[in-house]
Structures are given as C-alpha cells and as structure tokens.
Amino acid sequence: MIRRISGFMVKRPNVKNIILLTFFLFLSRGLGLLRQIFIYQRMDPFASDLLLAGTKIPDTIVSLLLMGTVISSVLPIASRLSHKREKGGDLQTRYLNLMIFSLISILFLIIVFLMIWTETFLKLSTSSQTINEFVALGVWNDYINVTRILLIGPMLFGLQSVLGVFLNLKNRFFVYSLAGTIYNLGTILGLAFGPRNNYFLVAWGMMIGAAVSVGLFYWESTKEKFFIPSPAKMVDYLKESYSLLKKDFWMTWKLFLPRIFLLNGVIVANLLINLVAQDGGQITSFDIGLSIQGVFFSIITSVTAVAFPNLANLFNKKGGDNHAFWNKLRKYTLGVLVLSFLGTIVTIVFSPLVIWLFELFGSGQGTGDYIIMIARITSVALIFQSMVEMLNKYFYVREKIWEPVIIANVGLVGQIIILFSLINNGVDAGVSVSVSLIGNFVISFLLILFYLTKDYFSFKQSEVK
C-alpha cells in the first residue's frame, strides 16, 4: 500500500506539492488560530483592538503591492525566461534581481513616507469611536508606534514575494509553505512569554518571524543557484541585466501598475471594520471570525499555488495545446469548487467547537457567540472567494492587464455600497462588513464568468476554423 501511494506521488508531482502545501498551510492556519487564542486570552479588548488595528495600514500596502500582484506579474515572465541564457548568465536570475531591487526601492520610499505621516493616516483610517477610546485610555501614541514597527513588514514581504516566485517555478514548495508558520510562531512567542497586553513585544515578534522567513527563502533559493550580488558588484550587475532585459522589465511594470488596484476583498474588509467599528472588541472579534473561515481557504491556496506555474508552463510551452490548457483549468476549478463547499459546511457546523477551544482556559473577552456569527456569515464568501482566486490565474497566465483590474474594482465598489447601505440602516458593523465581503466576491465571480465565457467561445470558434 505504501509503495503504491509513493508511486502515485512520484507520477503526480502536482498532487504531491498540493498535499505538502496543504499540510504546512494548515499548520500555519492552526498556529494562526492558536495566535488568536493567545490574543483572546492574553489581551484585553482595547489592547487586541490596538494591535490588530495597527496591522491595517501595513496589510493594505502588502495587499496593494505584493499579495498576488507580484506573483501574477512576475511569474509568467520569469517562466518564459527560465531556459534562456546569455553570456552574462541565467536571464531568469538577472530578471528576478532587477525586480527585487526596483520593488524594494519603491517600498522603502513608501514606508519612509508613511512612518513620517503615520498619525495622519491613522486618523483617516480609524473610526472616531476607536480613536476616542485609545485617547481616553492614554494609548494613542502606542497605536502610532505599533503601526510604525509593523510597517517594516512590507519590506520583508516584498523580498519574500519575489523569492517565492523563484521557488514556485523550481517546484520547491517546502520552505515556501513554511512562511506563515514561522510568522505565526514569532507572534505566539511574543504573546506567550511577554506580559499581558504587551502589544509592542508582539509586534516585534511578528517582524522577527517575517525576517527569519525571508532568510529561509533565500537559503532555499541558493540551492537552485539563485544569488543576489554583493553590494560592490550590484550596480554593474543591474546595469548589465537591464540592458539584456529592458523589454521584460518594463512589461512587468506594465502588468504590475494596474494590478496595484487589485484590492483583495478580505484585506478591504479588515480595513473597513477599522473604519466603522462601533464597540470595543469588535475589531478583534471580526478578525478571529474571519480567521476561522480562513483555515479552509488554506487548502484553496495550496491548489492555486501549484496550479499557477503549472498553467503558465502549459500555456508558454512551444507548440502548446490550447485545448489541454482549458481542460486543465476546468479540472483545477472543479476541484476548488468542491473543496470550498466542504470548507463552508465545516465552518458553519464546527465554529462553536473552535470558540470552545478559545475559552477552554478562561472566559477570554466574552464575545464567543458574536465571533461564531461572523465566522458563519463569512464562510459563505469562501465559495466565491475560492472561485475568484482560481479563475483569476487565467488572466495572469495570459498576461492580461485590464480584466483583473476591472473585476477587482467593480467588486470593491459593490462591497463599499453594500457596507454603508447596511450601516446606514442600523445593521451591526461586523455583520455589515461580513455581508459586504460576500457581495464583493459574488460580483467579482460573475464578472470573471463573463470574460471567461467570451474567451472560451472565441477559442472554440478558432478551433472550428
């Protein structure tokens, strides 16, 4: 039996990679829930709200400039360059170094600007009720400084995201899948060994975890002969690389810049709860409820992480079979649909069990029933979120520029309209944000179906001719 399973894994490397990613992403999500348990038990509502609110601006930068944006813009071009070489060496490595240098430079300027004007941006992105609470408790300056610590994160995640493209293309998913685990461990250690309500220690724990993860990504990349040149050779190396790859470099930014506006609905929801929160502890409750739903999204992430380079290689292969490409996309999509339905059912049924675990060592913040309600509402979004996550890969593989931008922004506008319509009618903030999140993904999914159907019928007509 063991031999048969082993043989199947060798023959089906995609299945092997999906299982590997799923295992470690589940571990990461499990640690994420453990982190939430520690927050729930080791922090008062004001302290946990402060910590989680402090992540919103850094998370927004990561969503705008990194999450999905880097891999969707860089991976298809890096895939095309994977077998090309010049006198100067491996073009793929040169290209990725160009992207690392340009991306980190931009992030550095943005973060310096935000660190100077942190207080202004926090006043714009935080509800007046939350601001008044922090001022009354004397922790407003702590809120500013925690946010500044967490702003280091986007620099680290930027480097990690480009290295992640390289590891994806080389099918080295082990360290790639550990990133979330290491990040969560840093947070948990800060919560477990620090005094109660010490959000500064937890914030530094997050950043140390992110730094260790970047180090492991680079160490793993060097095994495949990737390198970042020394400072002494960097300028000459980048000049040579740019002269060889000018067209590909600017094509990447042509793809990248519109995709800055691909705001992820979940990140937007986390930002919006910050803006409309009505009561203390509401930000924390929404974050935990969304995290419970997110445990099952890790399986979807595993499938799409393996599917993306697989589809890109199939599409870019010389003499590639378009029929095989569409067939593979269909199979991945059906698999994701089944998994998302299962995840929604499990979340609805078992979310009370998760909260029981949260309160096993004490009453915590006493918001268990509210968290269960948020988890159950947002679990409906999982089905449409999963479809959007998978089918968006089609547009990225085809290097389409505007379709993903239109889809994401129409969904975002719908999310905001739904949210404020509900808020203005007296609906609870957490429920309003949850329902608006579902609306975002439903609208996005319907638009994707429209574009995909149009392209598929064009393909079938060309086949007939």
Side-chain angles (χ1 to χ4, degrees), residues 17 20-21 23-32 34-35 55 58-59 61-62 65-71 74-75 78 90 92-108 110-112 148-194 200-234 237-238 298 301-302 305 309:
N17 289 331
L20 178 71
L21 274 170
F23 175 80
F24 283 106
L25 286 173
F26 246 95
L27 177 62
S28 172
R29 290 290 186 174
L31 288 172
L34 181 60
R35 178 196 68 196
T55 66
D59 282 353
I61 297 171
V62 171
L65 298 179
L66 303 175
M67 189 191 305
T69 309
V70 169
I71 195 166
V74 174
L75 188 145
D90 181 2
Q92 187 185 72
T93 298
R94 286 183 171 277
Y95 166 72
L96 291 173
N97 271 301
L98 275 175
M99 294 315 303
I100 286 172
F101 180 79
S102 56
L103 183 62
I104 296 301
S105 298
I106 291 168
L107 284 170
F108 178 78
I110 291 170
I111 287 164
V112 168
R148 283 173 175 158
I149 293 168
L150 295 170
L151 278 168
I152 299 168
M155 293 280 288
L156 297 170
F157 294 132
L159 180 54
Q160 181 178 293
S161 62
V162 180
L163 293 172
V165 169
F166 182 76
L167 295 177
N168 257 273
L169 290 169
K170 299 299 181 181
N171 284 318
R172 297 189 76 96
F173 288 104
F174 176 65
V175 168
Y176 179 82
S177 62
L178 285 176
T181 300
I182 296 165
Y183 179 77
N184 282 326
L185 276 174
T187 311
I188 289 167
L189 290 172
L191 285 161
F193 295 104
F200 286 112
L201 187 61
V202 178
W204 280 116
M206 289 177 176
M207 295 303 94
I208 291 168
V212 171
S213 181
V214 170
L216 284 174
F217 267 53
Y218 184 63
W219 173 71
E220 184 75 358
S221 298
T222 58
K223 293 181 180 179
E224 290 289 335
K225 299 181 181 177
F226 182 83
F227 69 94
I228 295 175
S230 65
K233 297 180 180 179
M234 178 69 78
Y237 179 86
L238 291 175
S298 62
T301 306
S302 303

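The shown structure was predicted, so the numbers you read here are calculated from the model rather than taken from an experiment.
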- Query: Measuring from Met206:CE to Leu150:CG, what's the distance to the nearest 0.5 Å?
  - Reply: 6.0 Å
- Item | CA sep, side-chain torsions, deciding dist, call: Ile61, Phe157, side chain to side chain contact (heavy atoms under 4.5 Å, CB included) | CA-CA 10 Å; Ile61 297 171; Phe157 294 132; over 6 Å; no
- Task: Evaluate the criterion side chain to side chain contact (heavy atoms under 4.5 Å, CB included) for residue pair Leu191 and Arg35; output intermediate values, then yes/no.
- Result: CA-CA 8 Å; Leu191 285 161; Arg35 178 196 68 196; 4.1 Å; yes
For residues 209-219, which side-chain donor-acceptor pairs fall under 3.5 Å, sequence neighbours excluded?
| from | atom 1 | to | atom 2 | distance (Å) |
| --- | --- | --- | --- | --- |
| Ser213 | OG | Gln160 | OE1 | 2.9 |
| Tyr218 | OH | Ile228 | N | 3.0 |

- Message: Checking Leu103 against Ser161 for the side chain to side chain contact (heavy atoms under 4.5 Å, CB included) test, could you report, in this order, the C-alpha distance in whole Å, the side-chain angles of both residues, the deciding distance, and whether it holds?
- Response: CA-CA 10 Å; Leu103 183 62; Ser161 62; 4.3 Å; yes
- With sequence neighbours excluded, tell me which residues meet side-chain contact (heavy atoms from CB on, under 4.5 Å) with Ser102. Met99, Phe249, Trp253
- Do Asn97 side-chain atoms and Phe227 backbone N/O form a donor-acceptor pair below 3.5 Å? yes
- Set of side-chain contact (heavy atoms from CB on, under 4.5 Å) partners for Ile104, sequence neighbours left out: Ile100, Leu107, Met155, Leu159
- Of all the heavy-atom pairs spanning Pro58 and Pro154, show the shortest one and how long it is. O-CG, 3.9 Å
- Message: Would you compute the distance between atom CG of Leu189 and atom CG of Leu201 and round it to the nearest 0.5 angstrom?
- Response: 9.5 Å
- Atom CZ of Phe108: over 12 foreign heavy atoms under 6.0 Å: no
- Message: Taking the ring of Tyr237 and the ring of Phe101, is the distance between their centroids below 6.0 Å?
- Response: no
- Message: If I compare all heavy atoms of Leu96 with all of Val162, which pair ends up nearest, and what's the gap?
- Response: O-CG1, 3.7 Å
- Query: Can you tell if the side chain of Thr93 reaches within under 4.5 Å of the side chain of Lys225, non-hydrogen atoms only?
  - Reply: no
- Residue pair Gln92, Phe166: steps toward the side chain to side chain contact (heavy atoms under 4.5 Å, CB included) verdict: CA-CA 9 Å; Gln92 187 185 72; Phe166 182 76; 3.5 Å; yes
